[in-house]
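For clarity, every value in this text was computed on a predicted model and none was experimentally measured. Numbering of residues begins at 1 and proceeds along the displayed sequence.
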Amino acid sequence: QLQLVESGGGLVQPGGSLRLSCTASGFSLGNYAVAWFRQAPGKERTIFSCTDRTGSIKHYSSAVKGRFAISRDNVKNTVYLQMDNLKHEDSAVYYCAGGRNVNQRVTNLGTMCEEDGFTTWGQGTQVTVSS
């Protein structure tokens with residue numbers, strides 16, 4: 001059974017940091033591009049970071065660029081998301097997703113992975129930024 005499990009979410013004060021993990025079981029995550037999505041209450045789930053199979057290509061949305069960092073350890077079958085300088089607006093449920101055939105789109109906002117390429121999803125982890 002292909003499964004992704006996120007961990008590391010929680011409550012943090014504005015300006016604080018968290019590191020999320022996304023660990024795969026039942027398959028080799030090294031064969032997959034991986035993305036992080038998030039969904040705030042009443043809003044759509046949106047992609048904000050992704051990386052290719054090796055971790056050499058990384059993309060970020062403008063909302064998180066410079067504050068978040070995606071990385072991966074294929075030996076540990078895990079992708080990480082380091083989140084620094086967290087803001088209230090970062091509060092959301094965070095999901096990781098894997099895909100074997102992921103394209104990229106280029107817009108005037110930058111380059112990002114195409115969401116429809118991600119077919120294996122985790123259950124999500126809550127991140128709350130509050131004082």
* Kindly check if the number of other-residue, nucleotide or ligand heavy atoms within 6.0 Å of CD (Glu89) is above 12? =>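 Enclosed: over 12 neighbouring heavy atoms sit under 6.0 Å from CD of Glu89.
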* Step through the shown structure and confirm whether more than 12 heavy atoms of other residues, nucleotides or ligands are within 6.0 Å of NZ on Lys58. =>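 For Lys58, atom NZ is crowded (more than 12 foreign heavy atoms under 6.0 Å).
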* Would a line drawn from the ring center of Phe37 to the ring center of Trp121 be shorter than 6.0 Å? ->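 So the answer is yes for these two rings.
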Could you tell me if [Y] and [X] have a donor-acceptor pair between their side chains, going purely by distance under 3.5 Å?
X     : Y     : result
Tyr94 : Arg38 : yes
Ser21 : Thr23 : no
Asp84 : Ser17 : yes

Under a single-linkage definition using a 4.5 Å side-chain heavy-atom cutoff for Ile, Leu, Val, Met, Phe, Trp and Tyr, are [X] and [Y] assigned to the same hydrophobic cluster?
X      : Y      : result
Ile70  : Phe118 : no
Ile47  : Leu20  : no
Val102 : Tyr60  : no
Val79  : Leu18  : yes
Tyr95  : Val129 : no

Using a 4.5 Å cut-off on heavy atoms from C-beta on, say whether the side chain of [Y] contacts that of [X].
X      : Y      : value
Thr128 : Val12  : no
Arg105 : Met112 : yes
Gln104 : Ile57  : yes
Leu109 : Ser62  : no
Asp90  : Arg67  : yes

Where [X] and [Y] come nearest, the two heavy atoms and their spacing:
X     : Y      : answer
Gly26 : Leu2   : O-CD2, 3.4 Å
His59 : Cys113 : CD2-SG, 4.3 Å
Ala40 : Ser91  : CB-O, 3.7 Å
Cys96 : Glu6   : N-OE2, 2.8 Å

* Is it true that a side-chain atom of Asn103 and a backbone atom of Glu114 form a donor plus acceptor pair closer than 3.5 Å? ->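 No, because the side chain of Asn103 does not come within donor-acceptor range (under 3.5 Å) of the backbone of Glu114.
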* Main-chain N/O of Lys76 paired with Asp73 side-chain donor or acceptor, under 3.5 Å ->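 Side chain of Asp73 to backbone of Lys76, a donor-acceptor pair under 3.5 Å: yes, one is there.
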Interatomic spacing from [atom1] in [X] to [atom2] in [Y] - rounded to 0.5 Å:
X      : Y      : atom1 : atom2 : answer
Ser130 : Gln13  : OG    : CD    : 8.5 Å
Leu4   : Leu29  : CG    : CG    : 6.5 Å
Met83  : Ser49  : CE    : OG    : 11.0 Å
Phe27  : Arg100 : CZ    : CZ    : 10.0 Å

* Asked: Can the positive tip of Arg72 be found less than 6.0 Å from the middle of the six-membered ring of Tyr80, inside 45° of the ring normal?
  ->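 Judged by the rule, Arg72 and Tyr80 form no cation-pi pair.
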* To do: Take Asn74 and Tyr32 through the test side-chain contact (heavy atoms from CB on, under 4.5 Å) and record every step on the way to the result.
  => CA-CA 10 Å; Asn74 288 338; Tyr32 287 68; over 6 Å; no
